[in-house]
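Notes to accompany the following structure.
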Amino acid sequence: MPRPAILLELVCHALMGTALGLSVGLLLTFADNFGIARLIAHSSTPHQTFAILIGMVTLPFSVGATLTGFVFTMMEER
């Protein structure tokens with residue numbers, strides 16, 4: 001049975017990854033160095049395209065940070 005402190009650490013890692021992924025996704029779209037904002041603006045549903053792009057960038061960061069936090073926590077417990 002995992003301790004509640006371990007679950008709290010995993011939640012913190014997930015939130016950290018979500019914040020990092022969200023900031024990277026917003027930087028990609030608002031900096032417009034790669035022309036992503038123009039592609040989004042010319043799509044048929046720009047709001048939906050923007051939300052999907054941000055979600056698809058944020059999700060791997062969040063999952064990766066959570067799994068990394070899990071590995072670090074388990075190694076620390078050992």
Side-chain angles (χ1 to χ4, degrees):
M1 187 73 179
R3 295 178 312 156
I6 293 174
L7 296 177
L8 182 63
E9 286 182 33
L10 288 180
V11 169
C12 288
H13 280 280
L15 289 174
M16 201 172 11
T18 302
L20 182 64
L22 186 62
S23 63
V24 167
L26 290 175
L27 183 71
L28 276 175
T29 55
F30 290 139
D32 201 26
N33 290 337
F34 304 105
I36 294 174
R38 278 182 270 136
L39 287 173
I40 291 173
H42 292 349
S43 69
S44 60
T45 54
H47 294 296
Q48 185 177 4
T49 305
F50 178 74
I52 290 172
L53 176 73
I54 295 298
M56 292 304 292
V57 170
T58 303
L59 186 64
F61 277 92
S62 180
V63 170
T66 305
L67 291 176
T68 303
F70 177 73
V71 168
F72 286 159
T73 304
M74 289 299 117
M75 292 302 290
E76 192 176 276
E77 288 291 318
R78 197 177 230 202

TODO: Run through the side-chain heavy atoms of Ile, Leu, Val, Met, Phe, Trp and Tyr, join any pair under 4.5 Å, and report what else lands in L8's cluster.
DONE: none
- [ ] Decide whether I6 and V71 are clustered together by the hydrophobic rule: side chain heavy atoms of Ile, Leu, Val, Met, Phe, Trp, Tyr closer than 4.5 Å, transitively.
- [x] no
TODO: Could you check if a side-chain atom of L67 sits within less than 4.5 angstrom of a side-chain atom of V63, using non-hydrogen atoms only?
DONE: yes
Open item on the list: Nearest 0.5 Å, please: how far is OG1 in T45 from CD1 in I40?
Closed with: 10.5 Å
Task: Of all pairs that satisfy side-chain hydrogen bond (donor to acceptor under 3.5 Å, both in side chains), the ones with a partner from residues 57-73, not counting sequence neighbours - done: E9-T73, T18-S62
- [ ] Treat each ILVMFWY residue as a node, draw an edge where side-chain heavy atoms are under 4.5 Å apart, and state whether F30 and L53 are in one component.
- [x] yes
- [ ] Flag yes if more than 12 heavy atoms outside F50 fall under 6.0 Å of its CZ atom; otherwise flag no.
- [x] yes
Open item on the list: Would you compute the distance between atom CG of L15 and atom CG of L10 and round it to the nearest 0.5 angstrom?
Closed with: 11.0 Å
TODO: Work out which heavy atom in H13 is nearest to a heavy atom in A65; give both atom names and the distance.
DONE: O-CB, 3.4 Å
- [ ] Report the residue from L39, V57, I36 that forms a side chain to side chain contact (heavy atoms under 4.5 Å, CB included) with T29.
- [x] I36
Task: Remaining members of the apolar cluster that contains I52, side-chain heavy atoms under 4.5 Å - done: M56
